[in-house]
Amino acid sequence: MTTTLGIIGTGNIFPAYLRNILRAQRSGKLRLVGVADGDMAAAERRAAEFGIVAMTVDELLASEAQVILNLTPPLAHHAIGMKVLGAGKHLFSEKPMAATFAQGLELVETARKAGLRLGCAPDTFLGAGAQTVRALLDAGTIGPVRHGYGFFMNHGPDHWHPNPAFFYQPGAGPLFDVGVYHLTHLVNHFGPVQAVRAIAHKTHAVRTIPLGERAGQKLPVDVATHVIAHLDFASGPQIVLTSSFDVWKHDHEPFEFYGDDGTLLGPDPNKFGGKVRWNVQTGDWQRATDKRPYHANARGLGLVDMIRAISEQRPHRCSAELALHVLEVMESTLKAADQGGAVTLSTTCDRPAPLDTKLF
Ligand SMILES: NC(=O)c1ccc[n+]([C@@H]2O[C@H](COP(=O)([O-])OP(=O)(O)OC[C@H]3O[C@@H](n4cnc5c(N)ncnc54)[C@H](O)[C@@H]3O)[C@@H](O)[C@H]2O)c1
């Protein structure tokens with residue numbers, strides 16, 4: 001069975017997806033019908049670059065595409081997502097699922113009532129790095145994990161993104177834009193969060209783009225840019241996650257997990273591969289050497305898994321429940337920082353099934 005696919009949003013992240021979708025297309029299990037963007041000229045440029053078909057959003061939604069990949073910025077995710085589901089098509093969205101939990105919930109409920117699949121990035125937890133971490137944790141290598149840290153800290157996207165304004169608007173910021181990777185990996189490893197406490201600061205009210213075509217442009221900051229969340233996982237671990245756009249350099253591991261029998265260090269969850277190390281009690285560091293697929297850019301893996309899951313009639317790994325739970329954790333983090341004390345989560349989710357086979 002061949003599933004037909006369309007893409008809305010042909011900006012900065014588009015080529016990373018497209019290369020893998022074209023690779024996956026060779027299996028014959030999916031076929032790209034066309035790409036669309038609110039800016040038709042942008043869609044046409046990408047169509048010429050990759051030898052694919054550009055359409056308007058309405059043309060794509062009226063086309064034979066059965067699944068739509070939404071690569072628009074966060075504030076557009078809900079409106080585009082509702083249109084896609086309204087057109088009777090399965091939806092896979094870039095992260096976060098929506099800018100607010102209420103919008104995410106509406107997407108999930110709409111998809112469920114319509115009998116449509118809803119999947120969401122990030123899919124990096126399906127890569128070799130996170131799958132190795134999870135296998136080691138599940139095997140009890142460091143015993144029950146009690147505590148740990150996650151760190152995402154840099155100086156924001158002003159240095160590399162061609163149009164970084166959206167990163168300082170609701171739906172983005174360091175927590176919703178990158179902390180979402182750490183949270184998704186943590187839920188994959190330990191299951192759902194039951195409560196969160198937090199501190200959040202908007203360190204600067206305005207940012208200035210330092211280089212490129214927009215150098216000197218002032219960006220209003222409407223989000224917290226340094227966020228520290230204390231995450232209480234229902235299965236036991238207490239993890240502190242720091243997400244920041246205010247730090248020039250640091251020397252922390254992306255993840256450190258402390259168990260009864262040892263310590264495990266995990267790689268950058270914004271990437272698919274990376275070094276995994278652990279030790280037992282006073283023993284030396286050991287490095288994982290097992291061979292797993294997807295060490296480098298495999299963006300689109302979660303989408304391909306969802307497409308395969310439709311024909312195989314099984315749950316897909318980047319599930320709506322997982323993404324909605326992570327969205328609620330992020331919103332609750334900001335709420336906890338605002339009001340003080342702990343915020344209890346209303347959602348839960350299953351840990352996604354491990355991935356040990358190649359999907360493309
Ligand atoms: N850039 C990255 O490195 C990166 C990495 C991982 C994930 N993401 C995620 O991918 C998504 C897109 O990011 P990006 O960096 O490609 O953004 P971008 O601004 O470069 O591109 C977004 C595209 O969407 C189009 N668009 C905006 N609103 C639209 C609407 N309502 N209807 C149709 N088209 C619309 C814009 O014209 C633009 O071409 C975001 O959710 C982001 O978090 C980006």
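Both ligands and their constituent atoms are indexed starting at 1 by order of listing. By convention here, the first residue in the shown sequence is residue 1.
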Worksheet item: For Tyr181 and Thr124, which heavy atoms make the closest approach, and how far apart are they?
Response: CD2-OG1, 3.5 Å
Worksheet item: Considering residues at least two apart in sequence or located in another chain, which fulfil the side-chain hydrogen bond (donor to acceptor under 3.5 Å, both in side chains) criterion with His161?
Response: none
Item to complete: Hey, can you tell me if Phe151 and Tyr149 have their rings parallel, tilted or perpendicular (30° and 60° cut-offs)?
Response: parallel
Worksheet item: Any salt bridge (Lys or Arg N to Asp or Glu O under 4.0 Å) pairs touching residues 325-345, not counting sequence neighbours?
Response: none
Worksheet item: Out of curiosity, Arg134 CZ to Leu264 CG, how far, rounded to the nearest 0.5 Å?
Response: 14.0 Å
I'd like the atom pairs linking ligand 1 to the protein - N or O on both sides, separation under 3.5 Å - with distances to 0.1 Å.
residue  : atom   : partner : partner atom : Å
ligand 1 : 1 (N)  : Asn12   : OD1          : 2.9
ligand 1 : 15 (O) : His161  : NE2          : 2.8
ligand 1 : 16 (O) : Asn12   : N            : 3.1
ligand 1 : 16 (O) : Ile13   : N            : 3.0
ligand 1 : 20 (O) : Asn12   : N            : 2.9
ligand 1 : 34 (N) : Gly38   : N            : 2.8
ligand 1 : 37 (O) : Asp37   : OD1          : 2.5
ligand 1 : 39 (O) : Asp37   : OD1          : 3.3
ligand 1 : 39 (O) : Asp37   : OD2          : 2.6
ligand 1 : 41 (O) : Thr72   : O            : 3.3
ligand 1 : 41 (O) : His77   : NE2          : 3.1
ligand 1 : 41 (O) : Lys95   : O            : 3.0
ligand 1 : 43 (O) : Lys95   : O            : 3.3
ligand 1 : 43 (O) : Lys95   : NZ           : 2.9

What pairs of donor and acceptor atoms, side-chain ones from residues 44-56 against any protein atom, are under 3.5 angstrom apart with sequence neighbours left out?
residue : atom : partner : partner atom : Å
Arg46   : NE   : Thr10   : O            : 3.0
Arg46   : NH1  : Glu49   : OE1          : 2.9
Arg46   : NH2  : Gly11   : O            : 2.8
Thr56   : OG1  : Glu59   : N            : 3.0

